[in-house]
Novice: 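For reference, the structure I am asking about is given below.
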Amino acid sequence: MKLKRSLKTAVAGLATAALATAGLIGPAEAATRSTVVIVTSNIFTSLNPSQPDTNVTINGDISYVQSMGFIYYDNNRNLKKNNVLGSYKIVSNDSKGLKVQYTINKGRVWSDGTPIDGVDLLLSHVLSSSKYSKDAKLGDPAAGDVAPAFDSLGYGGLYDENVVGTPVLSADKMSVTITYKKFLPDWEILGPGVSPVHTLVLMAEGKKKLGTAAENVAAKAKFLQYFEKKDTANLKKIGNVWSTVYDTKTINGSTNPLILVVNGAYMVDNAVADQSVTLKLNPKYNSGPKTNGIKTIVFRMLSDSTAASQALQNKEIDIYQGQATADAVAQLKAMQGVKVIGGVNACYEHIDVRVGDGPDEPDSYTGVFAGNGKKARDLRTAFLLSVPRQQIVDTLIKPINPSAKLVNSVFLLPGQEGYEQVTAKSGVSKYTAGTQASRTAKALQLVKQYYPTAGAGNTPVKIKLLWGTPSNARRAAEAALIKAEAAKAGFDVEATGNSAWGGALTSNKYDAAFFAWCPTSVSQTGTNANFKSDGANNFLGYKSDAMDAALARLEGKLSKSELISTIGVAEQLLIKDAVTLGIFQHPAVTAHNATLKNVKPAPLSPNLVWNFWEWKY
């Protein structure tokens, strides 16, 4: 429904008032043009996006502008090395395994002035090695009933499966050398990140203010000792800090400054819960490319696309990249002084059906889709048949991107090499054949085998569907379309939005969920964690020996034909077991103040802020 102009103006006025009240705009900053205000429809929840419950886009974007690692991707999917922070190289590659050395350049410092060195690379191993976690008595990440001391997404991945021993610190403590069982095609993206381990130690000791230079050096030395000795008691204290203290929506003068220590160009100055996050330049930044005159970046959370676009026209915000409607896109393109960049990004919507227990869930999943018996598989198939995927694309996406296509793979996207070959043989055609009416009729036939009275007027199969923030208009419309069509097949779908959906993905209270995967790298193994039996992103409790074997093959050196064939096998298993289906690739609509230069949306995540250092007015 289109809004009348008077109502649009009123809503935009509310947005303007909110921005001004939050202190996000002002005449002085507008005159100097050193502030970039970005509107996002997502809610910031944590400074640590590496946990299962906090791995959402806005948390990742804020983390990205605050932290610099060894690599990043440009807007053409090219991997780039950050030689300002340091360097890495293969030391040896033989029958004894693959050895890679990572070196920090001398003189790099954290925002509190503490030198960065190889010790700051060691936490990555703690966060990604299940063996280390078990040996140090920090918990078994694969156990599933209790989260380990470090509630990390890093466990269960390629690093975890292939790392040998622990990283070796050089004598000057500026380098670490990591050994893998074998050569890995994706070895460059497995490297360690830097972490201010001295702050974790200080917080574990109860400190609530920045340490002196001497205290920070001593704290880092303690971390190294804890790491080398696998000091369970002290590592558990640090794990509790890492897993809980960064989870906050509010940051102000009473916030412990230790959680704000970073090595990136910007550091959080303040955050207003569910409204905004403001970042200021890090005066000690020397870990990456130099910035171009932008002193402040503000992330403003605003779900109303009409209000956001009006605020852009009024020069109250500088970048808008929300889930725009067709009307909003048309409005953006008509604006003076606004540049609109379209296309698609790497994020793709998909729907998952729960099979078993989610990670770390204390209760077992006993819903109608549980297990891999015939009844459960048939009901999962029926539900997926009833999902009106093409209607969702036609109704919600094509008005924004007329060339949008239905996504029929969860490993490859339309246009990628091998996509047509894989989807032609995967069996996904049963979810595209005929019309939606005929597919829903087939779904009802399957349901009637177990619930003979099922039909449009009787919906005996009750399921709970998880999706995002209720104010997200596109997702709300998507949920409504699914609920309405599934009812015709005998499914009574409870589809209430959940603003805390990210933390509920593992919950056994939900039978299905739809959300987006946003790839952050180009790799053979990028999807492995979603479907491996012990994968960090396997929220739906899917376990398959055949799938584990197929994904293991993706970890080795493969020719293009072997790679496509292996992906094909994995896709066939997912279709046979009725686990998941793609829906659409997210339309990329970025609108920005035309005077702000070098905004270049990328196909990977982070999609928008990947080159923040190039931005300038």
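Not measured: the values here are computed from a predicted model.
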Novice: Side chain to side chain contact (heavy atoms under 4.5 Å, CB included) between L332 and L312: does it pass, once the steps are laid out?
Specialist: CA-CA 9 Å; L332 291 171; L312 180 65; 3.9 Å; yes
Novice: After noting the C-alpha distance and the side-chain angles of F514 and I482, does the key distance pass the side chain to side chain contact (heavy atoms under 4.5 Å, CB included) rule?
Specialist: CA-CA 10 Å; F514 69 85; I482 293 172; 3.8 Å; yes
Novice: Any pair with a residue in residues 602-617 that passes salt bridge (Lys or Arg N to Asp or Glu O under 4.0 Å), sequence neighbours left out, goes on the list, sorted by first then second residue, please.
Specialist: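 Applying salt bridge (Lys or Arg N to Asp or Glu O under 4.0 Å) to every pair that reaches into residues 602-617, excluding sequence neighbours, yields K600-E614.
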Novice: Taking side chain to side chain donor-acceptor pair (under 3.5 Å) as the definition, give me every residue that meets it alongside T199, ordered by chain and number, with sequence neighbours left out.
Specialist: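 In terms of side chain to side chain donor-acceptor pair (under 3.5 Å), with neighbours along the sequence ignored, T199 is linked to no residue.
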Novice: May I ask you to decide if A495's main-chain N or O and W467's side chain share a donor-acceptor pair within less than 3.5 Å?
Specialist: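 The answer is yes, because a donor-acceptor pair under 3.5 Å joins these two groups.
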Novice: Backbone N or O of Y320 within a donor-acceptor pair of the H592 side chain at under 3.5 Å?
Specialist: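 Side chain of H592 to backbone of Y320, a donor-acceptor pair under 3.5 Å: no, none is there.
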Novice: Can you name the residues that form a ring-ring contact (aromatic ring centres under 6.0 Å, His included) with Y285, not counting sequence neighbours?
Specialist: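 So Y285 forms no ring-ring contact (aromatic ring centres under 6.0 Å, His included) with any residue.
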Novice: Excluding sequence neighbours, so at least two apart, what forms side chain to side chain donor-acceptor pair (under 3.5 Å) with N607?
Specialist: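 By the side chain to side chain donor-acceptor pair (under 3.5 Å) rule, N607 matches Q321.
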Novice: W615: which residues meet the ring-ring contact (aromatic ring centres under 6.0 Å, His included) condition with it, sequence neighbours left out?
Specialist: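 If we apply the ring-ring contact (aromatic ring centres under 6.0 Å, His included) test to W615, skipping adjacent residues, there are no hits.
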Novice: With side chains defined as the heavy atoms from C-beta onward, is the minimum distance between Q585 and K405 less than 4.5 Å?
Specialist: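 When only atoms from C-beta onward are counted, K405 and Q585 do not touch, as no gap falls below 4.5 Å.
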Novice: Give me each pair satisfying salt bridge (Lys or Arg N to Asp or Glu O under 4.0 Å) with a member in residues 102-118, each pair once, sequence neighbours excluded.
Specialist: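 As it turns out, the salt bridge (Lys or Arg N to Asp or Glu O under 4.0 Å) pairs with a partner in residues 102-118, which skip direct neighbours, are D117-K220.
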Novice: Mind checking what makes ring-ring contact (aromatic ring centres under 6.0 Å, His included) contact with Y102, not counting sequence neighbours?
Specialist: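 Only F70, Y88 meet the ring-ring contact (aromatic ring centres under 6.0 Å, His included) criterion with Y102.
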Novice: How long is the span from the CD1 atom in I397 to the CG atom in L406, to the nearest 0.5 Å?
Specialist: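 That separation rounds to 11.0 Å.
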Novice: Among side-chain atoms of S111 and N282, is any donor-acceptor pair under 3.5 angstrom?
Specialist: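 No.
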Novice: Evaluate the side-chain proximity of T296 to Y266: yes if any heavy-atom separation is below 4.5 Å, no if none is.
Specialist: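 Not touching, per the 4.5 Å side-chain cut-off.
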Novice: Going by salt bridge (Lys or Arg N to Asp or Glu O under 4.0 Å), name the pairs with one or both residues in residues 245-271, residues two or more places apart or in two chains.
Specialist: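 Counting only pairs at least two positions apart or across chains, the salt bridge (Lys or Arg N to Asp or Glu O under 4.0 Å) contacts touching residues 245-271 are K249-D274.
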Novice: Among side-chain atoms of D352 and T580, is any donor-acceptor pair under 3.5 angstrom?
Specialist: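 Short answer, yes.
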Novice: Could you tell me which non-hydrogen atom of D74 sits nearest to which non-hydrogen atom of P603, and how far apart they are?
Specialist: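 Of all heavy-atom pairs spanning D74 and P603, the closest is O-CD, 4.5 Å.
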Novice: With no hydrogens and no angle check, just 3.5 Å: does a side-chain donor-acceptor pair link N593 and T595?
Specialist: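 On atom types as modelled, these side chains qualify, holding a pair under 3.5 Å.
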Novice: Residues in side chain to side chain donor-acceptor pair (under 3.5 Å) with Q66, at least two apart?
Specialist: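 Q66 satisfies side chain to side chain donor-acceptor pair (under 3.5 Å) with no residue once adjacent residues are dropped.
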Novice: Not counting sequence neighbours, which residues clear salt bridge (Lys or Arg N to Asp or Glu O under 4.0 Å) with K560? List them please.
Specialist: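 K560 satisfies salt bridge (Lys or Arg N to Asp or Glu O under 4.0 Å) with E417 once adjacent residues are dropped.
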Novice: Quick check for you: to the nearest 0.5 Å, what is the distance between T527 atom OG1 and I567 atom CD1?
Specialist: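 Here the interatomic distance stands at 7.5 Å.
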Novice: Applying salt bridge (Lys or Arg N to Asp or Glu O under 4.0 Å), name anything that partners D318, two or more places apart in sequence or on another chain.
Specialist: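 Applying salt bridge (Lys or Arg N to Asp or Glu O under 4.0 Å) to D318 gives R33.
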Novice: Once side chain to side chain donor-acceptor pair (under 3.5 Å) is applied, do any residues pair with N76, and if so which ones, sequence neighbours excluded?
Specialist: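 Here no residue qualifies.
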Novice: Start with the C-alpha gap between V599 and L608, add the side-chain angles, then the distance that decides, and say whether side chain to side chain contact (heavy atoms under 4.5 Å, CB included) holds.
Specialist: CA-CA 8 Å; V599 176; L608 179 62; 4.0 Å; yes
